[in-house]
Amino acid sequence: MPAPMLQGLRIRVRGQVQGVGFRPFVWQLATTMDLRGEVLNDPEGVLILVCGDDLTRFAEALRHNVPPLARVDAIEVEPWSFAEPPAEFSIAVSRGSGALTRVTPDAATCPDCLAELRGAGRRRGYAFANCTHCGPRFSILRGLPYDRAQTSMAGFAMCPSCRAEYHNPADRRFHAQPIACPDCGPRLWFESEGTACEGDAIALAAAALREGRIIAIKGLGGFHLACDAMNASAVALLRARKRRPAKSFALMGHEAMIARHCHLSEAGLARLRSPAAPVVLLPRYSLTLPDDVAPGLSVLGWMLPYTPLHHLLLDSFDGPLVMTSGNRSGEPQVIGNAEARTKLSGFADGFLMHDRDIVRRLDDSVERADPPMILRRARGHVPGTMPLPPGFKGCGEITAYGGQAKSTICRIKADQALVSHHLGDLDDAATWEEFLRADADYAALFDHRAVAVACDLHEGYRATRYALGLGRPVIRVQHHHAHLASCLGDNLWPLDAGPVAGIILDGLGLGSDGTLWGGEVLLGDYRGFVRITHLRPAPLPGGDHASAQPWRSALTRLDQAGLAAEADRHFPAQPRVLLRQAIAAGINAPLTSSAGRLFDAVAALLGLCPYEQSYEGEAAMRLEAIATSGHTPFGFGQSAGLIDPAPMLLALMAARPTTPAPILSSRFHAGLAQAFCAPARSLVENGQAKAVALSGGCFQNAVLLEDCLAALQGLPVLVHRDIPANDGGLALGQALIAAAGRC
Ligand code: ZN
Ligand code: ZN
Ligand code: FE
């Protein structure tokens, strides 16, 4: 008679569980509990077959103390019979390949590696220390499966000590693919005028920074340009060389350095310390840093050092650094050594270089803590996937190509959505090439074959023309409908949960009626929408280019409000006559309901960059920066289907001579919020909508967001968190709308 089968459990773990030390975690847990069986990676995640005593406690323990980079989506447990009783607990060879195998995002140096860096061991002072819980991942990946041979560590043969760590399941470097040490790993050098300098690279770089020089630093996802943030002339020199007059610079510093300049909330600290180590926007409270770091803004963007190289440099330099992306204006960030020498030599006095290739260009992610929102998803977040909301099962594989600015690509497969890293503005030729490369790259990584593609209505968008040329079924999605769906998806709003009132305050997007939209209340969901009300349209003389010159929006809005004389008085030197003639003749003056342009108009009337914005959103950001809270909102006109800013402008111009600009700004923000929240509230209260969703680029503005949340108090409100409210979120919205049509 055959021996009875041994009973045990088959445990399936789903989520981000590969390449994060999950198998050694399971091995250690099982070994400590004296269990037998095996753990392995397969295309669905981690699979555990286990027998012994107290299996329930084991299955329960799997949920706790998981490795820091792991994200467990589901644990499924079922009985399992062993034909042969296993002798021990082992880590078995991976099975299957491809499709759903996850690659994890890059992660900031962990506390253990940091201690090693500063300790006495063999990795003391080593700029490339990493382990299973931290270090480069996606940025060094050439292809799948994720192992050393498929990364830019392939050329570095492991020394015996590293090899021993790599194969020891009890070591935190077990199967850490980028494992390295000074004997076998990448090396660092400092070069100046084309030659590598003798001596300690970190010390040389720190000395150059102390002298007020600008240094190019090869980081994780690209090069940065760095200078001493406390040195006003170094900051001014960097601005002059980069021809970047006003856009804020990101900063890097230790927590104590940050706390000297900005208010650090619990939430802000948590974001800074997260493995993604993003740039976090924090309210500044002192002017101890040169104002030139972020002219006219009330927040500074800080990140903590996130690689051993950064830690060593900051320890040596001992002060905050400007760390702005190393690129020529408008182009993608430089990643190669040779490319850096060519493109950045005009900016940098020296280069802190190394010989580990950056395979994937990944900008720093940008986040806001209060209220929480990811504004730019890149390094540390990609290629993380997000689950689809309930109801989308089996919609098939879909690709969505997003908008023109802040471009991203979204792929849907197997109930997950993968949003690409921030690609940039597709007007730029080099960024367009990056877009094409990313499309092919994510398709290969995700083993993705789209049955349908989605894009914007606007044929002036490169991504739209590209999608139309692919020869596959195309779903064309109205820009602000995509914003709405993106917000729904970010909140896992179920497919059949009913319509919401979407307040979409945005820059410009092509509307279904051929005009440019951007200040709407939509009623709808993933399947469709109706436009309930919108900002009264005004001409945008000069079309897209008018966006750069806020006075144009101010003039048309004043004219519309019957305040043409005020416009003449405010902008005496501008070509007003020509502009008005063009508008009257309907030449290159499309109508727009854009809220972004209304922000420009009000900023210009308060004297904030009226003639030219040096970067997109400058006028609106400055208007936000000066706003103080708690003032009576300016009233807007409300009639059937129209929100009219004329009454607001009349009141603003009347108050302007006697009221400080910060109060006027506050009253404008609160008035705009009220004007859009009132109709949205009615839709919920009369039962037509289940909730209010806030989306569009204007919701990067924390003052506007807070004002809307206050105006919507008591109602369910959906706000962006993990997916940007700006055009970086369009691709997700388009993909979900296309998917909804196939469910
Ligand atoms: Zn580590
Ligand atoms: Zn080694
Ligand atoms: Fe938009």
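Order of listing sets the numbers, starting from 1, for every ligand and every atom in it.
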S.K.: Under the 6.0 Å and 45° cation-pi test, does Arg379 pair with Tyr306?
M.R.: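 Pair Arg379/Tyr306 counts as cation-pi.
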S.K.: Taking 2.8 Å as the cut-off, does Cys134 contribute an N, O or S atom near the Zn ion (ligand 1), distance below it?
M.R.: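 A backbone or side-chain N, O or S atom of Cys134 is under 2.8 Å from the Zn ion (ligand 1).
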S.K.: If you look at Asp727, which of its N/O/S atoms is nearest to the Fe ion (ligand 3)?
M.R.: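 Of all N, O or S atoms belonging to Asp727, OD1 is the one nearest the Fe ion (ligand 3).
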S.K.: Hey, what's the angle at the Zn ion (ligand 1) spanning SG (Cys110) and SG (Cys131), nearest 10 degrees?
M.R.: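 SG of Cys110 and SG of Cys131 make an angle of 100° at the Zn ion (ligand 1), to the nearest 10°.
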S.K.: Can you tell me if CD on Gln150 sees more than 12 non-hydrogen neighbours from other groups inside 6.0 Å?
M.R.: yes
S.K.: Need one value: angle at the Zn ion (ligand 2), Cys162 atom SG versus Cys184 atom SG, rounded to 10 degrees.
M.R.: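 Between SG of Cys162 and SG of Cys184, the angle at the Zn ion (ligand 2) is about 110°.
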S.K.: Given the Fe ion (ligand 3) as the apex, I'd like the angle to OD2 of Asp506 and NE2 of His483, rounded to 10 degrees.
M.R.: 90°
S.K.: Could you go through Cys110 and Leu114, starting from their C-alpha distance and side-chain angles, then the distance that decides it, and tell me whether this counts as side chain to side chain contact (heavy atoms under 4.5 Å, CB included)?
M.R.: CA-CA 6 Å; Cys110 75; Leu114 186 56; over 6 Å; no
S.K.: Assess the side chains of Tyr401 and Asp456: does a donor N or O sit below 3.5 Å from an acceptor N or O?
M.R.: no
S.K.: Do we get Arg173 above Tyr166's six-membered ring, with its NZ or CZ under 6.0 Å from the centre and within 45° of the axis?
M.R.: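 So Arg173 doesn't make the cation-pi contact.
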